[in-house]
Number of protein chains: 2
Amino acid sequence: MTTLKSDHELPLRERKKVETRAAIHDAALRLVAENGVGHASVDAICSEAGVSSRTFFNYFPSKVSAIVGLSSFVVTDAQRDEFLTGDGERYLVRDLCTLVGAVMDATARDGVDREAIRDLLGRRPELAPDVIRFASELRHDIVVLAEQRTTPARARLAVTLVMSAVDSALHRPLDAVYDEQFSTWLFEAVMTMQAIARESLD
Amino acid sequence: MTTLKSDHELPLRERKKVETRAAIHDAALRLVAENGVGHASVDAICSEAGVSSRTFFNYFPSKVSAIVGLSSFVVTDAQRDEFLTGDGERYLVRDLCTLVGAVMDATARDGVDREAIRDLLGRRPELAPDVIRFASELRHDIVVLAEQRTTPARARLAVTLVMSAVDSALHRPLDAVYDEQFSTWLFEAVMTMQAIARESLD
DNA sequence: ACTAATTACTGCAGAAAGTGCAAACTTTCA
DNA sequence: TGAAAGTTTGCACTTTCTGCAGTAATTAGT
C-alpha cells in the first residue's frame, strides 16, 4: 500500500484517485514480480486492479511508469533556481548531486518505494533498459540546466557522471542509510567511481 | 551508401542482402533526419526503401536498430577472453575502455557511421532515449564480464563510468581524431570526467 | 538449360502499447 | 434536487513487432 498519509480529511473524489492510482501501481508491481515483465500486460494489470485499460493510461503515461509508480520526474522551480545560483563549474558535481538527490527524495515523499524497485530490478533485470529509458527524461532536463553553468560537452559529462551514480543506487545499496539523504549517497558513489577510476586507470 | 567494399566477387544473393540492408538503413536515416522521428514510421521507411514491412523486421529487430544501422552489439570471444585475462581490479577501467572501444570499432568496420548518428542525435534529441535503450544491451553484457573481475557493485560502477564516456562520444566530439581509436578517446573522456569531478567536488 | 533444393520476400492475422473522442456515470455544490 | 464539474469507460485507430504459410527468386546438380 503506497498511501502514506491523509487518507482521511480528503474529499471523497481525491481519495478515490489516490486509491486507484495505488491499486494500479501495486497490481503492476505484483504481477511483474510474479510472472515477469512479459506476462504482465497492461490488460492483465488492469484486471488485477479492477480498472479499464483506458483508465490505466489516464493515471500513467506508460507501463514502466506504472511499475515505477511515478508519472514523471519533476524539477521544481525552487530546485532549479537554487542550482542556477551556483557559480559556473565550481562545485558543479556537488550541486548536481544535491539537485538530483532532491528530485529523487521528492519522489520518495510521493510514495515511490525505491527499495521495492531495487528488489524488482534485481529479480527482473530485463526491466533495466525500460527504467533507464524512463529516467532519461530527467537526465535531459538536468543537462539543459548544467549547460547554463559550463560548456555543453562538460555539462553532459558531469551529468552523466551523476546519473551513473543514480543508476548504481537503483541496483545495489552501498550502505544501509542512504534512504535518508539521497544526495549524500550520490556524492559518495561519485567519489567511489573516482576512486575506482584512479586505482585502475593507468 | 554503406557498402564498404567487395560489392563484386560476392554471390548475387549476398550482394542483394547487403544492398537491401543498406537501402533500409539509408531510408531510415534520411526520413528521420528530414521529417523527425514521429513522421518516420516503419511503413514510411519501407516504402522509401522499396521493401515490405515484414522484410524490414527481417533485417533489423527494431526501428532504432535500423536507424543506427546495427542489429546488435557483439562482444567476440577473443575480446571477451582478452578482457578476462586481466587481473582483478588492476587496470579495470582501462581494460573496459579497451573492450568497449574494440566493440565500437568493429561496428564502424561493419559500416556503422558514428558521425551520421551523432549528427542525427544533435538534430533530433528525441531519439536519445531510444538509442540509450538500444545500447543498454551491450551494457548488460559488459557488466556480466566486469563482475568476474570485481564485486558486483564496483563492477557496475566501473562499467557505468565507461558507458558514460560512450554516451558523451555519441553526442559531441572532444577532439577531431577520435574516430581512429575509440578506446583512446574513451580513456580521455573518463579522465576528463575525473578531472571535472575532482575540480568541482568539494 | 532444366530441375530441385535453398533461401529470401511477402501478405495476413494478431498481440501489445498508446491516443483521441464522446457517452455514461459519480461526486460536488448551490 | 439538480446542474456543473470531474472520472471512467468503450470504441476505433495507429504503431511496433511476431509467427506462419505461401510465393518468388537464387543456386546447385545433371
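Every value quoted in this text rests on a predicted model; they were computed, and no experiment measured them. Note on naming: letters A, B, ... go to the chains in the order of the sequence lines (proteins, then strands), and numbering restarts at 1 for each one.
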Colleague: Could you check how far CZ of Phe57(A) sits from P of dC11(D), rounded to whole Å?
Modeller: 17 Å

Colleague: Taking Phe83(B) as the fixed residue, which of Val75(B), Val100(B), Asp95(B), Ile142(B) is the one that meets the side-chain contact (heavy atoms from CB on, under 4.5 Å) rule?
Modeller: Asp95(B)

Colleague: Does the structure place the NZ or CZ of Arg149(A) under 6.0 Å from the centre of the six-membered ring of Tyr91(A), at an angle of no more than 45° from the ring's axis?
Modeller: no

Colleague: Counting C-beta onward and ignoring hydrogens, is there a side-chain heavy-atom pair between Arg30(A) and Glu34(A) closer than 4.5 Å?
Modeller: yes

Colleague: Which parts of residues 34-46 of chain B get close to DNA chain C, meaning a heavy atom less than 4.0 angstrom away?
Modeller: none

Colleague: Mind calculating the distance between CZ (Phe56(B)) and P (dT18(D)) to the nearest angstrom?
Modeller: 11 Å

Colleague: Can you tell me if Glu137(B) has over 12 outside heavy atoms packed within less than 6.0 Å of its CD?
Modeller: yes

Colleague: What is the distance, to the nearest angstrom, from the NZ atom on Lys63(A) to the P atom on dT15(D)?
Modeller: 21 Å

Colleague: Would you call Asp167(B) and Arg139(A) a salt bridge, using N to O less than 4.0 angstrom?
Modeller: yes

Colleague: Could you check how far CG of Asp130(B) sits from C1' of dT15(D), rounded to whole Å?
Modeller: 13 Å

Colleague: For nucleotides 1-12 of chain C, give me one character per nucleotide, 5' to 3': B if any protein heavy atom sits under 4.0 Å from the base, S if the only such contacts are to the sugar-phosphate, - if neither.
Modeller: -----BSSSBBB

Colleague: Whether Asp130(A) and Arg133(A) form a salt bridge (side-chain N of Lys/Arg under 4.0 Å from carboxylate O of Asp/Glu) is what I want to check.
Modeller: no

Colleague: Side-chain contact, heavy-atom cut-off 4.5 Å: Met163(B) with Ile132(B)?
Modeller: no

Colleague: Within the distance-only criterion (no hydrogens, no angle test), does the side chain of Arg124(B) pair as donor or acceptor with the backbone N or O of Ala33(B) below 3.5 angstrom?
Modeller: yes

Colleague: Tell me: CZ of Arg133(A) to C1' of dA17(C), nearest whole Å?
Modeller: 12 Å

